[in-house]
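What follows is a set of notes on a single structure, which appears directly below.
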Amino acid sequence: VSQSRYDEARQFFAHVRLVESRLAAALEFGLGYVTLGQGMDSLSGGELQRLTLTLELRRAQLGGAWFLLLHPGTGLHTPDISTLGRLLRMMVSRGASFIVLENREEFLRFADQVVEF
């Protein structure tokens, strides 16, 4: 699915704020390639994690919310990791906390604390 499909869907649902905002978040955080109507059981673990995080954005405050991400960078290219990092920073600014288990060094720049083992 192309971004234009998401743009068409956003225009169609412009009057339904909940649907439009979720489509906008999917585009903003790198999920615009997922086919509209695609079953969640066909998504990868990383895609499911990102989808879950974008859905959490609907909450005004995330204070006290903890998220555990297991290898969210699997299958992502460097620009996609930057997009995911932007999402994580946005959620942290709203009060969320994350524990991320990841092998890729690109994630170090998003960390407040790093535990190596």
Side chain to side chain, [X] and [Y], heavy atoms closer than 4.5 Å:
{"X": "P72", "Y": "E102", "result": "yes"}
{"X": "Y6", "Y": "L31", "result": "no"}
{"X": "T54", "Y": "L51", "result": "yes"}
{"X": "V19", "Y": "F12", "result": "no"}
{"X": "L55", "Y": "L53", "result": "no"}

Once you round to the nearest 0.5 Å, how far does [atom1] of [X] lie from [atom2] of [Y]?
{"X": "F107", "Y": "S82", "atom1": "CZ", "atom2": "OG", "result": "9.5 Å"}
{"X": "H15", "Y": "E20", "atom1": "NE2", "atom2": "CD", "result": "11.5 Å"}
{"X": "T83", "Y": "F29", "atom1": "OG1", "atom2": "CZ", "result": "8.5 Å"}
{"X": "L69", "Y": "R50", "atom1": "CG", "atom2": "CZ", "result": "11.0 Å"}
{"X": "Y33", "Y": "Q38", "atom1": "OH", "atom2": "CD", "result": "8.5 Å"}
{"X": "T52", "Y": "F67", "atom1": "OG1", "atom2": "CZ", "result": "9.0 Å"}

Using the rule that Ile, Leu, Val, Met, Phe, Trp and Tyr join whenever any side-chain heavy atoms are under 4.5 Å apart, tell me whether [X] and [Y] fall into a single cluster.
{"X": "L23", "Y": "M40", "answer": "yes"}
{"X": "F13", "Y": "V34", "answer": "yes"}
{"X": "F110", "Y": "L62", "answer": "yes"}

Here the salt bridge (Lys or Arg N to Asp or Glu O under 4.0 Å) pairs for residues 65-78, sequence neighbours left out, are none
Residue pairs involving residues 23-41 (criterion salt bridge (Lys or Arg N to Asp or Glu O under 4.0 Å); sequence neighbours excluded) |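 As it turns out, the salt bridge (Lys or Arg N to Asp or Glu O under 4.0 Å) pairs with a partner in residues 23-41, which skip direct neighbours, are E28-R86.
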Donor-acceptor pairs are to be reported for all side-chain atoms of residues 88-101 against protein atoms at under 3.5 Å, with residues two or more places apart or in another chain.
unit_1, atom_1, unit_2, atom_2, d
R89, NH2, R109, O, 3.0
S93, OG, M90, O, 2.6
R94, NH1, L57, O, 2.7
R94, NH1, R59, O, 3.2

Please answer whether the main-chain N or O of S44 pairs with a side-chain N or O of E47 as donor and acceptor at a distance below 3.5 Å.
->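 Judged by distance alone, yes, a pair lies under 3.5 Å.
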Assess whether side chain to side chain contact (heavy atoms under 4.5 Å, CB included) is satisfied between D80 and T78, documenting all intermediate values.
-> CA-CA 5 Å; D80 297 321; T78 301; over 6 Å; no
Is the shortest side-chain N to carboxylate O distance from E106 to R104 below 4.0 Å?
-> yes
Considering non-hydrogen atoms only, spot the tightest contact between L36 and A9 and give its length.
->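 Closest approach of L36 to A9, heavy atoms only: CD1-CB, 3.9 Å.
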